[in-house]
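Some notes on the structure that comes next.
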Number of protein chains: 2
Amino acid sequence: MGTNIDNARWEMIEAGGRTCQSFGLNPLFGQMYMLLYLSREPLCLDQLAERLGVSKASISIVSRQLESWGAIRRVWKRGDRRYFFEAEMEIRRLIERGLLPSIIKKLDSARHQIERSLSLIDEADSEDAKLLRDRLADAERRRARLESLIDNPIVRKLL
Amino acid sequence: MGTNIDNARWEMIEAGGRTCQSFGLNPLFGQMYMLLYLSREPLCLDQLAERLGVSKASISIVSRQLESWGAIRRVWKRGDRRYFFEAEMEIRRLIERGLLPSIIKKLDSARHQIERSLSLIDEADSEDAKLLRDRLADAERRRARLESLIDNPIVRKLL
DNA sequence: TCGATCGTTTAGAATATTGTAAACGAATCG
DNA sequence: CGATTCGTTTACAATATTCTAAACGATCGA
């Protein structure tokens with residue numbers, strides 16, 4: 001009956017890959033996270049490569065990216081030179097360390113761009129300039145609303 | 001002083017492209033939406049192609065995708081065979097028609113996959129099966145939480 | 001110190017995405 | 001009706017992404 005378990009696990013891994021792909025990411029991100037998420041124990045690079053059927057080089061690159069997002073963690077076993085990866089199980093930490101910082105960064109860069117474009121037309125007084133100013137102000141209102149949504153304590157709690 | 005206005009607009013268009021790119025999307029989506037968002041009047045395919053410096057074929061494909069997401073709208077001028085596009089200015093509508101449906105679809109497909117994997121190991125009773133069941137149940141809890149977050153009236157209002 | 005193991009880097013192959021020109025069908029107008 | 005305009009489709013070129021094998025440096029143990 002091991003086959004059914006393997007199938008169930010593998011389908012989840014594939015689904016994780018497809019989900020990542022649908023967000024424009026390398027499917028390996030989702031596959032690797034899911035494999036670790038469903039694994040009893042942490043896995044080393046070679047195990048990850050073997051089970052996902054890709055080279056160790058890919059695993060090396062993708063795993064460091066996943067780690068930088070806080071989605072997986074590096075752990076050591078004493079007396080073993082290798083290191084192992086385990087999935088971050090606390091979704092809150094994953095969101096707070098990985099997702100939110102990147103969104104906040106984008107929102108910040110958007111604010112900078114809007115301000116910069118506004119300053120470029122500071123002295124202009126044409127109809128076109130007025131329209132552009134209006135639209136940029138509107139965009140800034142949208143942007144600020146999103147920002148406050150993220151900071152909202154109620155929303156934070158729900159995450 | 002038309003140059004400064006053009007610069008301000010073009011920088012916003014480029015920023016829109018970069019934002020889309022950072023989400024793994026074709027930059028043209030962001031560029032095109034931003035161009036329409038900052039435009040006084042709706043623009044036709046040829047105008048979009050000319051102003052963004054790409055072929056009409058690309059515009060044709062990308063515009064229909066944007067339209068299907070509810071990000072832009074098709075409008076007609078009487079006595080003109082061409083049709084024109086304008087940006088959807090109501091961010092709420094954009095979220096409700098474009099973003100949320102796609103998220104809901106993903107959450108739904110995730111639920112299906114979890115259920116399917118659970119049913120595959122229905123009869124299994126090994127330690128591995130138990131662990132997998134636990135993890136899948138945990139994943140389902142996460143998923144359901146996200147779903148309820150989207151449905152939460154407080155959150156809906158904030159959007 | 002030598003050989004083995006481990007993780008990383010790199011050069012380039014394989015693949016997927018994106019963009020174009022040209023062909024096309026449909027609608028419009030003289 | 002032709003001729004023209006408009007949007008779409010298609011075949012293919014350009015580009016970007018993803019993956020691998022091989023080389024590499026570091027570390028450990030014999």
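Below, chains carry the letters A, B, ... as their sequence lines are ordered, and counting in each starts from 1. Not measured: the values here are computed from a predicted model.
With B:Phe85 as reference, B:Leu45 is the one residue of B:Leu35, B:Leu45, B:Val75 to meet the side-chain contact (heavy atoms from CB on, under 4.5 Å) rule. Checking each of B:Ile72, B:Ile59, B:Leu52, B:Leu48 against B:Leu43 for a side-chain contact (heavy atoms from CB on, under 4.5 Å) leaves exactly one that passes, namely B:Leu48.
Side-chain atoms of A:Arg133 come within 3.5 Å of backbone N or O of A:Ile121 as a donor-acceptor pair.
Atom CZ in A:Phe29 sits roughly 11 Å away from atom C1' in D:dT18 (whole-Å rounding). Counting to the nearest Å, the C1' atom of D:dA16 and the CD atom of B:Gln21 are 10 Å from each other. Straight-line distance from the CG atom of A:Leu45 to the P atom of D:dT20: 14 Å, rounded to whole Å. In this structure, the CG atom of A:Leu52 is 13 Å from the C1' atom of D:dC19, given to the nearest Å.
Residue contacts for B:Arg82: at a heavy-atom cut-off of 4.0 Å it reaches the sugar-phosphate backbone alone, with no base atom in range. Among the atoms of the strands shown, none is found under 4.0 Å from any heavy atom of B:Gly79.
Between A:Ser58 and B:Phe84, it is B:Phe84 whose nearest contact on DNA chain D lies nearer the 5' terminus.
When hydrophobic clusters are built by joining Ile, Leu, Val, Met, Phe, Trp and Tyr residues whose side-chain heavy atoms come closer than 4.5 Å, directly or via intermediates, A:Ile103 is grouped together with B:Val155.
Side chains of B:Gln113 and B:Ser117: a donor-acceptor N/O pair is present below 3.5 angstrom, by distance only.
First and last contacting nucleotides of DNA chain C toward chain B (any atom under 4.0 angstrom from a heavy atom, 5' to 3' order): C:dT18 to C:dT28.
Among residues at least two apart or in separate chains, salt bridge (Lys or Arg N to Asp or Glu O under 4.0 Å) pairs with a member in residues 99-114 of chain A are A:Asp108-A:Arg111, A:Arg111-A:Glu115.
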